Amino acid sequence: MPPDSDDPVGDPGSIKDLILEQDEAASLVRNRRLLDPDEIVDEDRIVGRNDQLTQITQYLRVTINNECPPNLFLYGPSGTGKSLIINAVCQNVVDLCSTRDIRFGVIELNCQNVGTLGTAVYELVRTVADDADVAIEIPEHGIPTKKKWRELYRLIDEHYDSVMFVLDELDLLTGRRDIDEPAYSRLLYQLTRTGSIDDLQADVAVTAISNDTKMMEDVGSRALSSFTPEDVHFSDYDANQLREILGHREDAFHHDALSEDVIPLAAAFAAQTHGDARIAIDLMRTAGTIAERDGADQVREEHVRIAQDKVVKNRVLEVTRGISTQKKLCLFATAAVARETENTAAKSTEAYRVYQYITETLDADQHYQETYVNKMKELTTYSLVKSGRKSQGPHSGSYLEFTFEENPQTIIETLREDSRLDGVADDELRTVVRSQLAN
């Protein structure tokens with residue numbers, strides 16, 4: 001019996017033909033891995049970070065002489081090469097140590113979705129066990145965190161002479177809200193005091209990585225005194241550096257697959273927003289995908305401009321998907337105010353009154369202004385918004401202002417994908433905002 005004409009699947013053979021046909025048509029990209037922002041590239045593709053590379057190699061070089069390296073704190077905006085540089089240096093240190101029969105291990109943990117201290121410790125146990133190719137002797141759940149620490153120490157001591165824990169996005173490991181000290185502070189304390197454990201012979205060092213330059217201010221005094229890291233700052237890439245980074249990945253495409261304005265335009269877009277190399281690379285990847293989908297013979301300026309809108313919305317969606325409802329309401333209200341201003345900025349007092357209107361309209365919990373401000377300050381770590389104090393004049397004091405790094409309208413549109421915001425009509429919201437600005 002022939003397949004139904006409305007059947008979207010149809011004959012399986014035709015699907016294979018379609019796949020092969022599409023694969024043949026998609027002839028612009030040669031190596032898609034080079035267009036993955038998280039791909040660890042060869043060191044000859046690392047550009048624009050000579051100072052940081054030199055600093056970190058100086059700190060870690062002692063490891064090849066079987067000495068313990070110092071703790072490090074790498075900080076700066078997202079996409080500025082922190083993870084790229086530390087991973088590249090550590091891999092080379094591992095290779096050199098292996099030629100000298102030194103058992104040096106690098107244990108990486110991205111803390112973005114870890115949640116609690118107990119989960120973080122078990123993830124470290126799992127990573128160490130995988131690296132050493134041995135079994136874990138404890139269950140993940142139903143045991144005290146203290147036993148997880150013992151298993152971690154056992155594995156380290158049995159399989160390494162020294163180990164570097166690389167804790168990426170560490171500031172996002174906050175843990176339970178009813179405990180004053182954040183989970184990342186307690187994790188740092190435990191890891192950096194391993195030298196005081198009598199039966200642990202291996203050396204332990206920690207590299208903490210954060211987009212939040214003020215993360216160390218919330219580290220407890222005990223952890224701070226035992227961590228005492230060497231600081232390495234990563235600043236935004238400028239347009240020239242981003243152009244050079246993209247130029248070193250141009251061979252991801254076939255010869256002549258890129259028009260001459262693609263790399264400068266992608267670099268300029270990324271430089272205008274965050275100086276974020278991840279965004280620049282993602283822009284070029286998305287532009288290539290769009291060009292292939294359209295059957296174009298070359299990636300051109302119009303593909304980059306379409307990619308810009310898509311990449312921004314995807315990034316905002318990625319950030320806002322994981323934040324609490326209250327943070328969404330605070331961000332929504334503040335973006336609504338910034339949307340109506342010339343400099344895409346919002347005074348905290350005006351934005352808070354709009355937040356009050358939104359929470360009343362949705363019958364949602366409403367917090368005091370101090371809580372609203374704190375939640376907005378927490379959102380600055382996601383590189384969507386910046387905060388700063390502005391002067392109203394010599395006799396009028398100052399005010400707190402939030403400035404958006406993305407188009408506020410894009411943030412509003414993305415947040416509206418949460419159906420809980422359906423009760424806020426856009427026309428009425430604009431009227432409320434304009435009334436506040438007029439007053």
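Every heavy atom of this structure was used, including side-chain atoms; hydrogens, water molecules and symmetry mates were not. All of these numbers come straight from a predicted model, not from anything done at the bench.
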What ring pair (Phe, Tyr, Trp, His ring centres under 6.0 Å) pairs are there with at least one residue in residues 75-114, not counting sequence neighbours?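 Ring pair (Phe, Tyr, Trp, His ring centres under 6.0 Å) check on residues 75-114 returns F73-Y75, Y75-H233.
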Side chains of [X] and [Y]: donor-acceptor distance under 3.5 Å anywhere?
X    : Y    : value
T286 : T289 : no
E151 : Y122 : no
Q326 : Y355 : yes

Check whether any side-chain heavy atom of [X] lies under 4.5 Å from a side-chain heavy atom of [Y], and answer yes or no.
X    : Y    : value
I56  : T207 : no
L173 : L187 : yes
Q91  : D95  : yes
D168 : C111 : no
D276 : T80  : no
D231 : M216 : no
H141 : I143 : no
K377 : V373 : yes

Would a distance-only check, ignoring hydrogens and angles, find a side-chain to backbone donor-acceptor pair under 3.5 Å from [X] to [Y]?
X    : Y    : result
E230 : N71  : no
H303 : R300 : yes
R249 : L34  : yes
R30  : D251 : yes
D171 : M215 : no
T371 : H367 : no
T341 : A338 : yes
T359 : D365 : no

Which heavy atom in [X] sits nearest to a heavy atom in [Y], and how many Å separate them?
X    : Y    : value
D238 : A271 : C-CB, 4.4 Å
V337 : V433 : CA-CG1, 3.7 Å
Y59  : L72  : CD1-CD2, 3.5 Å
P77  : D236 : CG-OD1, 3.0 Å
M284 : L246 : CE-O, 3.8 Å
E123 : L109 : CB-CD1, 3.7 Å

Evaluate side chain to side chain contact (heavy atoms under 4.5 Å, CB included) for F227 paired with V219, printing each intermediate quantity in order. CA-CA 10 Å; F227 184 35; V219 173; 5.7 Å; no
More than 12 heavy atoms of other residues, nucleotides or ligands under 6.0 Å from CD of E43: is that the case?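 Atom CD in E43 is not crowded, with 12 or fewer foreign heavy atoms closer than 6.0 Å.
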Considering residues at least two apart in sequence or located in another chain, which fulfil the side chain to side chain contact (heavy atoms under 4.5 Å, CB included) criterion with [X]?
X    : answer
A335 : F404, P408, I411, I412
I107 : L124, T127, V128, D131, Y160, V163, F165
D51  : none

Looking at [atom1] of [X] and [atom2] of [Y], how far apart are the two atoms once the value is rounded to the nearest 0.5 Å?
X    : Y    : atom1 : atom2 : value
I290 : E302 : CD1   : CD    : 10.5 Å
L384 : T410 : CG    : OG1   : 11.0 Å
L283 : L35  : CG    : CG    : 11.5 Å
S162 : I64  : OG    : CD1   : 11.5 Å
T334 : K375 : OG1   : NZ    : 12.5 Å
D282 : N314 : CG    : CG    : 7.5 Å

Could you please spell out the steps behind the side chain to side chain contact (heavy atoms under 4.5 Å, CB included) verdict for L400 and K347? CA-CA 6 Å; L400 182 64; K347 292 182 179 180; over 6 Å; no
Trace of the side chain to side chain contact (heavy atoms under 4.5 Å, CB included) decision for E67 with D203: CA-CA 8 Å; E67 299 176 26; D203 292 322; over 6 Å; no
Could you walk me through whether K327 and E378 pass salt bridge (Lys or Arg N to Asp or Glu O under 4.0 Å), step by step? CA-CA 9 Å; K327 282 185 180 177; E378 289 174 16; 2.8 Å; yes
For residues 103-120, which residue pairs pass the salt bridge (Lys or Arg N to Asp or Glu O under 4.0 Å) check, not counting sequence neighbours?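 For residues 103-120, and leaving out neighbouring residues, the salt bridge (Lys or Arg N to Asp or Glu O under 4.0 Å) pairs sorted by first residue read R103-D161.
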Sorted by first residue and then second, give each salt bridge (Lys or Arg N to Asp or Glu O under 4.0 Å) pair with at least one member in residues 413-427; sequence neighbours left out.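 Qualifying pairs: K313-E413, K328-D418, R339-D426, R416-D426, D418-R420, D426-R430.
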Check side chain to side chain donor-acceptor pair (under 3.5 Å) between [X] and all other residues, then give those that pass, not counting sequence neighbours.
X    : answer
R278 : D38
Y184 : none
R61  : none
E169 : N110

Any Lys/Arg nitrogen of R33 or E39 sitting under 4.0 Å from an Asp/Glu carboxylate oxygen of the other?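 Salt bridge: yes.
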For the pair Y352 and Y372, name the ring-plane relationship: parallel under 30°, tilted 30 to 60°, perpendicular over 60°.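 Because their plane-to-plane angle lies in the 30° to 60° range, the rings of Y352 and Y372 count as tilted.
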Name each donor-acceptor pair under 3.5 Å that joins a side chain in residues 133-140 to protein atoms two or more places apart or in another chain, with its distance.
none

Working note: L28 + H254, criterion side chain to side chain contact (heavy atoms under 4.5 Å, CB included); need CA distance, chi angles, decisive distance, verdict. CA-CA 6 Å; L28 298 176; H254 287 286; 5.7 Å; no
Inter- and intrachain pairs under side chain to side chain donor-acceptor pair (under 3.5 Å), touching residues 256-265, at least two apart: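 Pairs touching residues 256-265 that pass the test: S259-D261.
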